[in-house]
Amino acid sequence: MAYFKHICFVEAPQAIITPFPRYVTDCIGILYLAAAVQDIAEGLVIPDNYYNDRLFESFRMLLKKRRCDLVAISCMTGGFNNAKRLAEIAKSHGSFVVLGGFHPTALPDEVLKLECVDLVVLGEGEATFRELVQKGPSREVLGIAWKENGTIVFTGERPLIEDIDSIAFPLRGLRPLRYGEKGSDYSIDTIYTSRGCPWACSFCANSRMHQHWRSRSPENVVEEIALLHNFKKKKLLKIWDANFLTNIKRVETICDLMIERGLTNFKIMMETRVKDVVRAERILGKLRKIGLKTVGLGIESPNPRTLELMNKGNAMGDVSRAISLMGQHEIDPEGYFIIGHHSETMKETMAYPEFAKALGLSLALFMVITPYPGTKIFDEYRHDGNVTSFNWDLYNNFSPVIKTEYMDPAALVKMMAYCNVAFCSYQSMLKKENKRGVLFSFLYELFQTVFLMRVNMSLGEKEISEAVFDAYLSYLGTNPVIDCTIADSGTKPQQAIVVRLQHSPSRAIDCVIEQKGDRRTLSMVTRFDGKPSIGPIIRLDELVAAVCSVSMDTLMHLLCRVELFSNNPVRLADQLFPLFGDREVRSMVGKFLTLYIRCFRGKG
């Protein structure tokens with residue numbers, strides 16, 4: 001008979017969501033734990049309203065109605081403060097509270113200082129958690145730590161699970177509704193086909209949590225994929241291994257089995273090293289056939305010295321070759337870049353977006369180096385006094401919590417804004433034939449930048465507005481050439497289209513699109529004279545206010561539904577009806593439509 005019988009599982013949400021559908025949580029970590037104990041526990045539950053701001057109230061109501069003698073909370077660093085809040089609720093209802101995941105594994109002593117936490121599970125949790133449920137907090141259970149008489153008891157390190165085929169598939173059916181979809185049939189889902197990593201990048205905590213690389217057999221992987229496959233609904237499947245292409249022969253067998261069984265109705269995303277893409281050249285066609293659409297590449301930096309410090313073995317020739325190979329197979333490369341390395345200057349940082357464009361990337365993410373507990377750089381930056389904040393809410397890759405030799409957090413914020421502004425190709429603006437289209441394209445680019453800036457919870461609306469406008473001024477200072485070839489559509493020259501980005505009555509930038517012959521150009525001109533605009537006006541403060549008024553959960557709801565619709569094209573009416581059934585989504589779209597109309601009329 002199990003020591004704990006009724007168990008509640010919660011994955012502590014990040015303090016703020018990064019606004020991309022692929023980052024919506026699938027609760028996979030806690031579902032593995034649930035699967036590990038489903039045959040020995042009497043009751044397993046996850047709270048409702050997990051994917052919106054009502055989680056905490058929902059959790060509180062669940063514990064009032066249904067006694068849970070054990071509450072298991074998993075958390076990353078960016079969700080630790082929320083994990084603490086959940087633990088306090090659980091403890092107030094008399095539950096035994098266990099924390100696990102990356103952050104508790106890295107800082108168990110800090111976590112156990114909390115009165116609301118009874119025990120920490122360290123490292124991989126399935127085997128440890130099963131024994132804990134069976135035996136309770138016992139010295140016989142390896143891989144746990146708890147408080148006893150003011151001191152911490154650590155039972156010793158548990159050996160890794162070498163045969164990861166033996167791990168039960170995540171108990172997906174336990175998940176609550178997410179944006180109208182059942183837990184076993186989410187249209188965005190995650191699978192791990194391996195654990196650990198053969199590399200040890202200085203900014204990554206994978207080597208602390210999962211250590212060396214271990215893979216599942218192709219047959220075991222495809223068996224789980226078959227449970228996720230739906231012939232009628234194409235899903236976004238995230239293969240979220242640290243490096244999916246570590247063993248090319250294994251991946252090829254997975255592809256062959258999926259093709260043989262017709263399990264190809266997926267849009268697949270994965271992350272890997274550029275060298276692995278080059279090594280996988282001969283199977284890229286098979287990967288595309290099973291649905292591979294996007295590959296995240298950790299390019300990190302154009303600076304060889306920086307790559308060496310990160311223990312990142314990228315060669316520029318491999319980067320270019322990998323991107324070229326993916327292009328040949330219609331696979332989209334997404335470059336990941338990390339700014340804020342200790343010895344890099346602002347001038348060196350400003351080279352990042354141009355480097356990304358020179359590689360031919362159309363997708364890129366510019367993140368700031370973040371010293372997560374459990375990483376080499378956490379120890380280095382903390383030892384040298386270069387960590388500026390231990391507010392874990394800010395640990396999300398887009399909120400600077402460090403200072404460097406040349407930049408403080410405020411400068412790093414400006415550099416993040418600059419990289420996003422400078423990387424934009426502006427080709428969509430150039431291809432529009434009228435000011436309505438140009439305005440819409442410009443607003444779209446601005447929305448993306450401002451939403452990313454909003455991820456930094458320490459920034460107010462004024463700081464975001466200032467950083468974005470300064471980024472455009474800095475970009476103008478590089479004298480960018482923005483043009484394209486478009487055949488002249490008429491017998492007379494096309495009239496110039498002007499859209500103004502206004503920070504204040506005396507600080508503005510006019511974006512001017514002109515066509516001469518077959519060349520269409522976009523020039524940006526600073527305006528400090530307060531003269532009226534001849535075209536639409538985007539008042540930056542109003543745009544930022546509109547973005548900041550939107551719940552990130554509502555935005556993610558919209559983005560996830562759009563992802564579903566884009567993967568499964570149907571009639572427009574069929575798409576809009578379920579989407580606009582949500583009052584908050586209607587309100588958000590209404591705000592942005594109103595903003596667009598006001599901008600077009602020149603009223604900001």
Could you tell me the separation between the [atom1] atom of [X] and the [atom2] atom of [Y], rounded to the nearest 0.5 Å?
X      : Y      : atom1 : atom2 : answer
Glu334 : Ile299 : CD    : CD1   : 10.0 Å
Thr190 : Met269 : OG1   : CE    : 10.5 Å
Ile7   : Ser95  : CD1   : OG    : 11.0 Å
Glu115 : Lys91  : CD    : NZ    : 9.5 Å

Exercise. Enumerate the residue pairs fulfilling side-chain hydrogen bond (donor to acceptor under 3.5 Å, both in side chains) with a member in residues 30-45, sequence neighbours excluded, ordered by first and then second residue.
Key: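 side-chain hydrogen bond (donor to acceptor under 3.5 Å, both in side chains) check on residues 30-45 returns Asp39-Arg130.
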Practice problem: Kindly state each residue pair satisfying side-chain hydrogen bond (donor to acceptor under 3.5 Å, both in side chains) with at least one member in residues 136-153, sequence neighbours excluded. | Solution: Arg139-Glu148, Trp146-Glu148
Quiz item: Is there a donor-acceptor contact under 3.5 Å linking the side chains of Arg250 and Thr193?
Solution: yes
Self-check item: Residue of the set Asp241, Ile248, Asn247 for which side chain to side chain contact (heavy atoms under 4.5 Å, CB included) holds with Leu245
Solution: Ile248
Does the separation of the ring centres of [X] and [Y] fall below 6.0 angstrom?
X      : Y      : result
Phe390 : Tyr395 : no
Tyr372 : Phe102 : no
Phe4   : His6   : no

Self-check item: Asn220 and Glu224: CA distance, side-chain angles, deciding distance, side chain to side chain donor-acceptor pair (under 3.5 Å) verdict
Solution: CA-CA 7 Å; Asn220 183 259; Glu224 183 179 354; over 6 Å; no
Quiz item: Should Phe129 and Phe9 be marked as a ring pair (Phe, Tyr, Trp, His ring centres under 6.0 Å) after you check the CA-CA gap, both sets of side-chain angles, and the distance that decides it?
Solution: CA-CA 12 Å; Phe129 190 72; Phe9 299 90; 5.8 Å; yes
